[in-house]
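Just so it is clear: chains get the letters A, B, ... in the order the sequence lines come, proteins before strands, and each one is counted from 1.
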Amino acid sequence: MIMANGFAAPGILPDILLRAAPTGVMALGATFVIATGGIDLSVGTGLSLAAVMTAFFLGGDFLNLPLALGLLLALLFGGLVGLANGLNISFLGLPPFIATLGMMLVARGLALVISDTRPMKIENPDFRVLSTTTTIPGIPNAAVIFIVLAIIAAVILNKTLLGRYALAIGSNEEATRLSGVNVKFWKTIVYVTAGIFMAAGAVLYAARTGVVQPAEGLGMELNVIAAVVIGGTSLAGGRANILGTLVGALLMQTLITGLQMMQVNQSWQFVVTGVIVLAAVFADNVRRNRARAI
Amino acid sequence: MIMANGFAAPGILPDILLRAAPTGVMALGATFVIATGGIDLSVGTGLSLAAVMTAFFLGGDFLNLPLALGLLLALLFGGLVGLANGLNISFLGLPPFIATLGMMLVARGLALVISDTRPMKIENPDFRVLSTTTTIPGIPNAAVIFIVLAIIAAVILNKTLLGRYALAIGSNEEATRLSGVNVKFWKTIVYVTAGIFMAAGAVLYAARTGVVQPAEGLGMELNVIAAVVIGGTSLAGGRANILGTLVGALLMQTLITGLQMMQVNQSWQFVVTGVIVLAAVFADNVRRNRARAI
Amino acid sequence: MSKLLELKNVSKTFPGVKALQGVNLDLMSGEVLGLCGENGAGKSTLMKILTGIYTPDPGAEIWLQGTQVEVHDVNHARSLGLSIIHQELNMVPDLTVAQNLYIGRPGSHRRGFINDAALNKRAGELFDRLGMHLDPKALIRDLSVARQQMVEIARALSYDSRILVMDEPTAALTVAETDALFGMIRDFVTPETGLIYISHRMPEIEEITDRVSVLRDGQYVGTVTTKEVEIREIISMMVGREVSGDARPRTEVTSDEVVLKVENLSTKKLLEDINFEVRHGEVLGFAGLMGAGRTELARCVFGADPRQSGTISVHGKEIAIRGASDAVRAGIGYLSEDRKTFGLLLDQDIKANTVMAAMRDFSIGGFVLDGKIRTVGTEYSELLKVKTPSVNQLLGKLSGGNQQKVVIAKWLVRNCDVLIFDEPTRGIDVGAKEEIYELIEQLSAQGKAIIVISSELPEVLRVAHRIAVMAQGRITGILDNADATQENIMELATVGKPRMEGSAA
Amino acid sequence: TSTPGGTPAPSETKPATSAPAESTPPAESTLPADGEIPKGDGTQTIYLVSKGFQHRFWQAVKEGAEQAGAEYGYKVEFVGPPSEKDVTIQLDQLETALATKPAAIGLAALDTAAATDVLDRISAANIPLVAFDSGVDSDAPITTVQTDNYAAAQEAAKHMAELIGNKGTVGLVCHDVTSQTGKQRCDGFQDWMKDNAPDVKLLEPLVAGSVDEATNAAKSLINSTPDISGVYGTNEAAATGAVQASIEVNKAGLQVVGFDSGEIQMSAIRDGKQAGAITQSPVKMGYETVTAAIKAINGMELPKIIDSGFAWYDKSNIDDPEIAANLYE
Ligand SMILES: Nc1ncnc2c1ncn2[C@@H]1O[C@H](COP(=O)(O)OP(=O)(O)OP(=O)(O)O)[C@@H](O)[C@H]1O
Ligand SMILES: Nc1ncnc2c1ncn2[C@@H]1O[C@H](COP(=O)(O)OP(=O)(O)OP(=O)(O)O)[C@@H](O)[C@H]1O
Ligand SMILES: [Mg+2]
Ligand SMILES: [Mg+2]
């Protein structure tokens, strides 16, 4: 049945990658936050805000900056949102859930205020190239960018101080502090990193259609977190897995796309998705316990 | 300004209680879950599902059961949703975030399936009495029920094994297990309790208009959690405060109502709400640290 | 005397580790049986099998008074009359002392409703009976490790058990509390009961046990009657060699250069006007009773807790310490007394823990050097004889003593000028203890300034050139090693405090 | 495009100005007469991507569509994103629709500019496209079956002004200010008042997506504005909330004007607690969309716009068959 609907047709994986790219890229960043035992609820509306800012920097009706500068500013802006989260958490001592919940509301409002609740257009053809256009035959650029960012994230997590400290903080924050690590600083950096990845996700999102909807991101935060957790990163912190996050994001998207293609009734799609999310994480638990027992 | 707008008029507190009742009652139950260090994302769409079931039990077009029986079944059904969460968490070992995220999707779908995506009517006049009707002059029944449920929740939390074990599990699950407490069992009971409170919230919600919209609860889960956390219950578990949750729910609702009454532009309302949530929790932290230092 | 308990052919395999192989053990009624063995010998594992926490490999048999039983879980063990005080504290920090005492116990509630006033009253009566001074209403998280340990002991004694296991109960206790505990143990043992006592402190073994069983590398070595053998012999059964009992430091301080100087240090909570200095190559010991403030002093100097006034100078330069990272940057290392909470990343591996305080030396431009980390991790676990299949083992899977060694390794790798060791040999076996003393000696010979906080007087006398004694947040005297004896230290430690005071809240 | 105040006549048959030739499949030899709709064999699918599916309105559209499908022998697949904010999800659904190679696609675009890429590919695949509910900024759709939301909102404003005697303070509860529909229903109301009733003061619109939120929002408006004389809600949830709030506050003379239908609005209108509301013709919209698609599949000519219309209803005409057909409880 799936076959018949062209679901397994060649090019389906690139298509899934394309669809999953915005959420997936945000999930890469969120993996660091979750590795510290934190959580980031602001990525959903943060995506809207970052996309609105991208349109503000690049859109013909607005600043109309050169592409490279505009993209740089967009990423910087994402980092700034992350910085605000990081400072609220590290220095004001707010629990990550609350700090990022507050930011979720603030970002939602600001996106609407800045866009004046209107869709914003980015006509710049070079910008649009970042999404569906293919440079490598058969693979949309967004898919390539997603993979490249996943590799970068994996290197940061496994091979840099940032990754090590994120895991250490998630494992035992107090012990890490007493080892002389500047926990506040590194935690802040983790949220900044998540913010930058969020902005990268926002850029891919905006590039797909060239039109930014200021209210679309709300709710994406749960998909982002689900992708990370399905990928095997523990919400308790201390363990993280970028490849897992990539797989988690693709799994979620495949599921959604598959159900659409199989023309499952939409109400049932929610039920099926819910059950499969539960089953996937359960199967992963079982697999891991078995691996541990060997 | 607030005064001028009638915001401080007599009867404003009962009105806030009425408005906050569905979220607030769910937050009472969620306090137990959060006390164990868990989280329940399924309360939002779970409210829709429980409300749909309430309409199914009581509605004239459906089973049309006697009020008491229908209400009992509705609460039982809520308990069943909680039981499913509890079993998934305790026995399948799923992280609460994932287990309840899955349930969130399942409940959302089932609410649509059962209602056939149509609003469902509960004409039973005795049922409608549960919300805006006043028995004690000036105080809507929903407000009274909210307060009574808060008292019950406080007793359960502070005076019963359930509350004690919930706190102990949140504080140190391993030590609690080694003390001979059947952690799996009690954790399950905690989610069942949350499910029952969720159903009670759904009943109050449905009683207000007498018509159940099957797709409305989504997103309420964050308000519920915010109310609990603003109330001083720690997301890390081990510490909980029912009075705090009550205050947290009222604070959130007062904020929203206040901004509406002051005719703040909608987009800015989000920003202001976000900032005030951050400030409230920060102020609470400061206050508590000062109290500890004395 | 009849056999109260018999364990036959107990084996336990963890992934990559054979923790126990065919171990036999028996306990007579009316006796205290010592259980000795090096770190990682399998003592805790054996006791966890006995009390239903671990399931043994097939073939194991547990016999209670002549009937074979299978222990399913903690509650089942308890209903069989078996209870245990674990090596690691198992308290619920957010509950009160009384709530912890009675959690999970039948009779602690009436139809699900709990009467805290009644629990407090019962707890108070229990403490009176045991001669403990604890406030039933105090939150566990506000108690020092030692006080929490007392609560654990009280809890274990309050069960009407036939067999009680104590896994290193005195690791956090000082001499006075240990004596009190021994009194309780003697009261507990009747012709119907028996007690298994695990400790690395040989004098305690000598004092309290009737017989001693020894494990080595997960295997049963033998059992001796305590009165009939010298402690030396037990130790050689454990380690397979003799360990010397030299009691005093073998190095001398040659330099006058002051490395660490603390002046007029006070905190809001406890410390008052603390002044001391540690010289180049010197080991300064800190002795005192439980709650004297030694840990608080160390944490304060290290920047882990805020100070109210006072200055801290390293190499003559006053340093502004606002947090632990400032202290580490200034060259101060601190090994906490509570390794689980403050020292370890339990779900990270040995090598990651080993280099945690010195990550900057293991990275270039923000990128970590995994090869170097592995090499150094291996080097230090060999140096400290950490018992593990590989440096990739997670810390949570090591025995208590081996975990302690990894924390020590962390600060050795960091190579600080000032090292503060708070109870460095807590939970470490006698053989390894001596190795750590030698290590401290080597470090002081290299010119490091070292503070050793210890509740074991022989240990302080063994390693410290000078000994500062604290009582109630003040330094009541500083003795040269040559002038110090257990007696005069105790005298200073109890200045103005003739007996253990006990209001916790 | 539509005549406010009345249910417009079905498909005005203005000939399509530029039906893209390449997107029309080769004409069958037996071309049926104009207006007569050829029956399918029940194997082909018409895929409708709407703006939502959870709301009663879209369910009514779906019903109409399925009705037409059953009548003429076509399978109808009807999907929509969970909310009217989910442009990307809708886009994915459109892609999925394209991938299943249906006989025709119907689209109620949340954002027309966003969809251009896919629309091009739909044209390239020679699949006829019918827009419904709102227009698509492109030549791709062969025809558009739509309600003019802006005009409908103006109609609501006109009635509100009448009800309050062209002066007083009016509050707005808008269901959404980011979707095109939401905006038009808010803007049309505000603009008409500004232009035609200068003595009517409009309060800052509050946004509420659910009945519960709308009730609270409307209640806030009423409580904070002693001289308020009317409240307008822009969809079923917003209007229902406004009615519920006015019942809870029980303020004499307060006029509530709503949109769409639903149990609470209908009984409130019958009881006189609500003045009236605008209804669209969702069932008709669905039906017309599918029949237009069938005509397009068969290469028949279609007008550029098919107006599905809207109507004002109140106590006086709520039971007229023409109105009642479009109301749902
Ligand atoms: N959960 C576990 N998983 C894997 N290995 C374990 C686990 N628990 C203990 N071990 C291993 O089993 C062996 C015995 O450990 P055990 O804790 O019984 O030692 P011990 O004699 O109590 O030592 P110590 O005196 O240091 O407390 C050690 O090598 C330890 O690393
Ligand atoms: N009687 C007591 N009961 C509970 N806590 C106490 C008591 N006396 C002191 N404390 C607390 O213990 C801490 C000081 O003890 P600290 O741990 O520094 O002492 P120590 O000399 O290191 O003893 P320990 O052997 O317990 O580590 C302070 O936080 C103090 O509030
Ligand atoms: Mg041990
Ligand atoms: Mg100490």
Evaluate the side-chain proximity of [Y] to [X]: yes if any heavy-atom separation is below 4.5 Å, no if none is.
X	Y	answer
B:Thr176	C:Ile103	yes
C:Ser108	B:Arg164	no
C:Asn90	B:Ser179	no

Search all heavy atoms of C:Asp94 against all heavy atoms of B:Gly237 and return the closest pair with its distance.
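Nearest pair, atom of C:Asp94 first, then B:Gly237: OD2-O, 4.2 Å.
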Using a cut-off of under 4.5 Å on heavy-atom pairs, state which of C:Ile140, C:Val92, C:Val74 scores highest against chain B.
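Sorted descending by pairs with chain B, the first entry is C:Val92.
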Heavy-atom pair count under 4.5 Å with chain B, highest-scoring of C:Gln99, C:His76, C:Glu88
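Sorted descending by pairs with chain B, the first entry is C:Gln99.
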Measure the CZ-OG1 distance between C:Arg111 and B:Thr160 for me, rounded to the nearest 0.5 Å.
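Between C:Arg111 CZ and B:Thr160 OG1, I get 14.5 Å after rounding to 0.5 Å.
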Drop me the distance from C:Phe113's CZ to B:Leu162's CG, to the nearest 0.5 angstrom.
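One finds 10.5 Å between CZ of C:Phe113 and CG of B:Leu162.
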Chain B heavy atoms under 4.5 Å from [X]: which part of the residue, side chain, backbone, both or neither?
X	result
C:Ile53	side chain
C:Arg155	side chain
C:His86	side chain
C:Asp116	side chain

Do any side-chain atoms of residues 89-100 of chain B form donor-acceptor pairs under 3.5 angstrom with protein atoms, and if so which ones, sequence neighbours left out?
unit_1, atom_1, unit_2, atom_2, d
B:Ser90, OG, B:Gly86, O, 3.3
B:Ser90, OG, B:Lys184, O, 3.0
B:Ser90, OG, B:Thr188, OG1, 3.2
B:Thr100, OG1, B:Leu41, N, 3.0
B:Thr100, OG1, B:Pro96, O, 2.7
B:Thr100, OG1, B:Phe97, O, 3.4

In residues 300-309 of chain C, which residues are in contact with chain B at a heavy-atom separation under 4.5 Å?
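Heavy-atom contacts from residues 300-309 of chain C to chain B are absent.
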C:Arg141 and B:Ser171: side-chain hydrogen bond (donor to acceptor under 3.5 Å, both in side chains), yes or no, with the steps?
CA-CA 10 Å; C:Arg141 70 157 67 256; B:Ser171 187; 5.1 Å; no
Give a yes or no on this: more than 12 heavy atoms of other residues, nucleotides or ligands lie within 6.0 Å of atom CD of C:Glu125.
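Buried by this count: over 12 neighbours within 6.0 Å.
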Let me know if B:Asn182 has heavy atoms under 4.5 Å from chain C in its side chain, its backbone, both or neither.
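Neither; nothing under 4.5 Å.
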Could you tell me which of B:Val155, B:Ile169, B:Leu161 has the largest number of non-hydrogen atom pairs under 4.5 Å with chain C?
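Result: the option with the highest number of such pairs is B:Leu161.
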